[in-house]
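To keep things clear, I will list the structure first and then write my remarks on it.
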Amino acid sequence: MAVKTAGDAPAFTPEQLQSVRGTLMSPRRLKTEVLAGLVVALALIPEAIAFSIIAGVDPRIGLFASFTMAVTIAFVGGRPAMISAATGAIALVIAPLVKSHGVDYFIAAVILAGIFQIVLGLAGVAKLMRFIPRSVMVGFVNALAILILMSQVPELLGVPWLVYPLTALGLLIVFGLPKLTRAVPAPLVAIVALTMITVFAAVAVPTVGDKGDLPDSLPSLIIPDVPICLETLQIIFPFALAMAFVGLLESLMTAKLVDDVTDTRSHKTREAWGQGVANIVTGFFGGMGGCAMIGQTMINVKASGARTRISTFLAGVFLLVLVVVLGDIVSLIPMAALVAVMIFVSVATFDWHSIRPRTLKMMPRSETMVMIATVTVTVATHNLAIGVGVGVLVAMVMFARRVAHFVTVERSVTTIGGHETATYVVDGELFFASSNDLYTEFDYALDPEHVVIDMHASHLWDASTIAALDAITEKYHHHGKDVLIVGLNDASLLMRERLGGKLGAGH
């Protein structure tokens, strides 16, 4: 239920702002969604053309993909206001297939990737997001901000000098206008203002039209001309699988980021299979496939304030209208305007708090190393999936190393029943990292004939720990001493009974 503020203006909860029905009944909110969709559509055009070039296909394939992805995901996706379209990550994955086998195999791979994503989504792959640490997420966001900024550098090299003052003016508008008014998205004002300046002043600077030819017709339904056989499957399978994983990872990570920005929750399982549906639709309409786009998504939710599926749907519709009906006008937009918008997105996306000296001083070194590893690998490879994978791997290693030091072993010698007995109390979680050092914690030669290992304060997690206990008992038996292991909880005892003595001593 909406509440009233002091000025009688209705205030809505984050969840209410995502309501399509509520937005359609509110002219103010609907205007925000419409203008946001228009800004995103304008920003999508040069990106889609550029990604088409990376993939080695006609620019129309990238533009049609952005249209079908955005429109389809607006209905089936699980994250309102998130923008899906043709992306650089997908282009990099699929480009070798285009070069080696042509566009038809490429389209077939897009459709198969969509099928994989539906299967993975229904199998619960979205639940794996819980295993991505915060430090990896921060690294992902920062790396993406850097990549967005780096992608604009070529647009500022070897260009007429007028590009620089135009870009500066665009930056002044996108950063300064929100401080005066938010009635109209600042990126849209920047694009319109710079376009009018270059047109009326007859300034010769690079424009959207210089990126490639815009389509003059609507996309049509196609069936890829490939033989339906095992050989075709063998060709497209590895590319489709890689595309499915990269697309899901980037989409789910972006959804998580939008959750934080909008203070709402998304349905990530629905988003996962929704991406698959969108890619299948895109493939049958001759598009190059895609996934969530963090840059355009940040323009939509952060710069423009959109919150519903309406903006996503309209971004796709406006894109098609702009390139097919108003292509001659769109081609006049100076790239300087779009560069200014994307620089703004880069600055807004970067987590500046994460690199403040005070934050770095408070943060554990392992957390900082994970963030740096994620950023470094992502920027070096230009592949978000590889960067996140390395970040998670480094986080796992750091966690295992840290937890391994939490295990303690205390020794005491007492006389029980006239027999001198050495008692070891093991405290901590025992797994492959911590149990490897367990073997060195015992005085095999100096201990008396009777040894008790008390495990009541520990837990056995894996076969490495069972092998370590086997090695310890074997070492004591080699010295002619008796060992009694006591205090195992039920789960640890069951594991030892099942694996004990069957893994080899290990030392």
Side-chain angles (χ1 to χ4, degrees), residues 36 39-51 54 81-83 85-89 91-92 136-157 159 163-164 166-179 185-191 194 206 208 211 250 253-254 256-258 260-262 291-306 315 333-356 371-372 374-384 387-388:
V39 174
V40 170
L42 291 169
L44 276 173
I45 294 171
E47 295 277 298
I49 295 173
F51 297 148
I54 292 174
M82 189 166 76
I83 305 297
T87 62
L92 288 170
V136 174
M137 186 67 190
V138 173
F140 164 81
V141 170
N142 289 347
L144 208 46
I146 294 172
L147 288 177
I148 291 172
L149 184 62
M150 289 174 60
S151 68
Q152 305 311 307
V153 172
E155 305 296 340
L156 298 173
L157 299 177
V159 294
V163 169
Y164 303 111
L166 285 172
T167 303
L169 177 59
L171 289 172
L172 181 64
I173 294 173
V174 294
F175 281 102
L177 185 61
K179 297 179 180 179
L188 179 59
V189 174
I191 292 171
L194 267 64
V208 170
K211 287 292 182 180
E250 189 162 348
M253 292 286 282
T254 304
K256 188 174 180 180
L257 177 61
V258 178
D260 294 337
V261 172
T262 61
C291 61
M293 298 187 73
I294 191 168
Q296 276 66 22
T297 298
M298 288 298 101
I299 291 175
N300 199 41
V301 300
K302 209 164 187 176
S304 303
I333 297 174
M335 287 303 300
L338 298 175
V339 168
V341 172
M342 296 311 292
I343 291 175
F344 168 76
V345 170
S346 173
V347 173
T349 301
F350 197 90
D351 187 349
W352 296 100
H353 179 268
S354 67
I355 61 171
R356 290 176 182 171
M371 182 189 72
I372 292 174
T374 304
V375 172
T376 302
V377 174
T378 301
V379 172
T381 63
H382 285 232
N383 190 313
L384 294 167
V388 171

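Excluded from the calculations below are hydrogen atoms, water molecules and symmetry mates; all remaining heavy atoms, backbone and side chain alike, are included.
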* Which pair of non-hydrogen atoms, one from A292 and one from T87, has the smallest distance, and what is that distance? -> O-CG2, 3.8 Å
* side-chain contact (heavy atoms from CB on, under 4.5 Å) between I173 and L194, worked out -> CA-CA 10 Å; I173 294 173; L194 267 64; 4.3 Å; yes
* How long is the span from the CG atom in L171 to the CD1 atom in I343, to the nearest 0.5 Å? -> 5.0 Å
* Asked: Got a sec, which residues hit side-chain hydrogen bond (donor to acceptor under 3.5 Å, both in side chains) with E155, two or more places apart in sequence or on another chain?
  -> K211
* Would you find a donor on one side and an acceptor on the other, under 3.5 Å apart, between the side chain of T297 and the backbone of I83? -> yes
* Asked: Can you name the closest pair of heavy atoms from A303 and F344 and give their distance?
  -> CB-CE2, 3.4 Å
* Asked: Say you draw a straight line from OG1 of T378 to CD1 of I146; how long is it, rounded to the nearest 0.5 Å?
  -> 9.0 Å
* Structure fact -> F140 meets the ring-ring contact (aromatic ring centres under 6.0 Å, His included) criterion, sequence neighbours left out, with none
* **From CA spacing to verdict: side-chain contact (heavy atoms from CB on, under 4.5 Å), M298, V258** => CA-CA 8 Å; M298 288 298 101; V258 178; 4.2 Å; yes
* Structure fact -> Sorted by chain and number, sequence neighbours left out, side chain to side chain contact (heavy atoms under 4.5 Å, CB included) with A36 holds for N300, S304, A306, S311
* Asked: Quick one: side-chain hydrogen bond (donor to acceptor under 3.5 Å, both in side chains) partners of T262, sequence neighbours excluded?
  -> T264
* To do: Only counting residues at least two apart or in another chain, list the ones meeting ring-ring contact (aromatic ring centres under 6.0 Å, His included) with Y164.
  => none
* What's the shortest heavy-atom distance between L44 and A85, and which atoms? -> CD2-CB, 3.7 Å
* **Reported CE-to-OG1 distance for the pair M137 and T374, which is rounded to 0.5 angstrom** => 11.5 Å
* What closest approach, in Å, do V40 and Q296 show between heavy atoms, and which atom pair accounts for it? -> CG2-O, 3.8 Å
* Do you know the tightest heavy-atom contact between V375 and A143? -> CA-CB, 3.9 Å
* Mind running side-chain contact (heavy atoms from CB on, under 4.5 Å) on L188 and L42 for me, showing each step along the way? => CA-CA 9 Å; L188 179 59; L42 291 169; 4.0 Å; yes
* **With N142 via side-chain hydrogen bond (donor to acceptor under 3.5 Å, both in side chains) - residues at least two apart** => S354
* To do: Taking the side chain as every heavy atom from C-beta outward, state whether V159 and M335 have any atom pair closer than 4.5 Å.
  => no
* Specify the closest pair of heavy atoms between A43 and I299, including all atoms of both residues, with the distance to one decimal. => CB-CD1, 3.8 Å
